[in-house]
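Everything below concerns the one structure shown next.
Counting starts at 1 for both ligands and their atoms, in listed order.
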Amino acid sequence: MSERILMSQASVSAVEEDFVLDALRSGWVAPLGPHVDAFEGEIAERVGVRHALALSSGTAALHLALIHLGARPGTKVVLSTMTFAATANAVVYTGADPVFVDSRSGDGNVDAELMVEAVRTLLADGETVVAAIPVDLFGRTADYDVLEPGLADLGVPLLADAAESLGASLGNRAAGSFGTAAALSFNGNKIMTTSGGGMLLSNDAALVDHARKLSTQSREPVPWYEHTEIGYNYRLSNVLAALGRGQLQRLDGMIARRREIRDRYAAAFADLPLRFLGRDDAGRDDTDDNCWLTTVVLDPSLVEERRSDSPVVEERRRSLETTPADRIVEAMSAQQIEVRHLWKPMHLQPVFSGARSFTTGVSEDLFTRGVTLPSGPALTDAQIDRVISSLTRVVDAL
Ligand SMILES: *Cc1c(COP(=O)(O)O)cnc(C)c1O
């Protein structure tokens, strides 16, 4: 049995070992210390923002930014429906109601015009909208050319969920620099990792200062423990910040490897009925993406054709109950290759069934036909060849 190929395994090297060893030997084994300060400075510089706050997760970064922006019971936060649950969960932690907005088909990112329209509609209904959260999906920035001016006109802050997009850009601006604030994630499977961690970025000093205070149990600056608001324990440890600094030094190399892997898939699958999300997008190629996860979407015409002339009753019954994505994930897993569904849209999640949403059917359609392929920088060429030959066989047999 061949070894299992994972979707996005981290790559660590001697660079990270040296950094972590330095942190351990320095005695700074705490959620404070020189590596935390340096890591914040280095990420802020890389992204081109003035302030950064290292935190225990990307979810924590979203949560604290939302608190600062006034999210609380009775308010609304408008966000992409196609995202990891963390984006919506952070909204619910504050007591605000999430309102979901559908995707555009080219890259799965939020339909920017629809997001602006959703905010406008809610405001016209008399709702208090404290923020809109576009998500930079799979390492490609959302359409900020529409979102920034559109939301600014309506006076609603833009909080960018850049958990998946560090290293990506749009025009001459880096992911994480758009909007009022942005959240990064350094979870184990992201473009770079601290094993677990995140960062809040903003040019607004008051926002980051407030989040910094909230992240350390909201201690007031007096000699005793004084608290005037509820706080959280959300700081990143100095040891993990050291790991992050090592990863940051290697970020461009890891992105280049992910791009190389995507290019190999694209060349190998040119004749399959697959579309690459983001890459084959009308009007914008994927040269600015960080290529975090390469995502393919099955061509619907092929699926319809197969369904209608499938001779086997059992096969036909199965094909009505399972989606093309289900079948690809299952068949690849049997070959010991981890392929996953795209994020199941939040408006289809049982836990958010009561939430308001602005939908077009695009995200649901992408969810039924799309999968993410193994994309990690540590993949060997032989492993990529295995993915290519397996997926080719699986798609041919659909
Ligand atoms: C990973 C992720 C998060 C959460 O980050 P954590 O560090 O795991 O808390 C939020 N949003 C999106 C889109 C993500 O992919």
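- The closest donor-acceptor contact from the side chain of Ser363 to the backbone of Pro345 lies at 3.5 Å or more, if one exists at all.
- Sorted by first then second residue, the ring pair (Phe, Tyr, Trp, His ring centres under 6.0 Å) pairs that include residues 153-178, not counting sequence neighbours, are Tyr144-Phe178.
- Under a 4.0 Å criterion applied to the non-hydrogen atoms of Thr83, ligand 1 contributes the atoms 13 (C).
- Of all the atoms in ligand 1, the ones that sit under 4.0 Å from a non-hydrogen atom of Thr87 are 11 (N).
- Not a single N or O atom of Val135, backbone or side chain, sits closer than 3.5 Å to an N or O atom of ligand 1.
- With a 4.0 Å heavy-atom cut-off, ligand 1 is reached by the backbone of Thr59 and by its side chain too.
- No donor-acceptor pair closer than 3.5 Å links the side chain of Asp102 to the backbone N or O of Phe358.
- Residue Ser185 has at least one N or O atom closer than 3.5 Å to an N or O atom of ligand 1.
- Listed by number with element, the atoms of ligand 1 under 4.0 angstrom from any heavy atom of Ala163 are 2 (C), 3 (C), 10 (C), 11 (N), 12 (C), 14 (C).
- Just one residue in the list Ile255, Leu184, Leu248, Leu243 forms a side chain to side chain contact (heavy atoms under 4.5 Å, CB included) with Met192, and that residue is Leu248.
- Around atom 4 (C) of ligand 1, the closest heavy atom drawn from Ala86, Ala60, Ala61 belongs to Ala86.
- Among the atoms of Glu164, some N or O lies under 3.5 angstrom from an N or O of ligand 1.
- Side-chain contact annotation: Arg219 with His227, donor-acceptor N/O pair under 3.5 Å absent.
- Checking side-chain atoms of Ser202 against main-chain N and O of Thr180 turns up a donor-acceptor pair under 3.5 Å.
- Ranking the protein heavy atoms by distance from atom 2 (C) of ligand 1 puts Lys190 NZ, 2.8 Å first.
- The distance criterion of under 3.5 Å between nitrogen or oxygen atoms is met by Asp161 with respect to ligand 1.
- Using a distance-only test at 3.5 Å, with no hydrogens or angles considered, a donor-acceptor pair links the side chain of Thr121 to the main chain of Glu117.
- Residues forming a side-chain hydrogen bond (donor to acceptor under 3.5 Å, both in side chains) with Glu226 (at least two apart in sequence, or on another chain): Trp224.
- If you number the atoms of ligand 1 from 1 as listed, the ones under 4.0 Å from a heavy atom of Gly197 come out as 7 (O).
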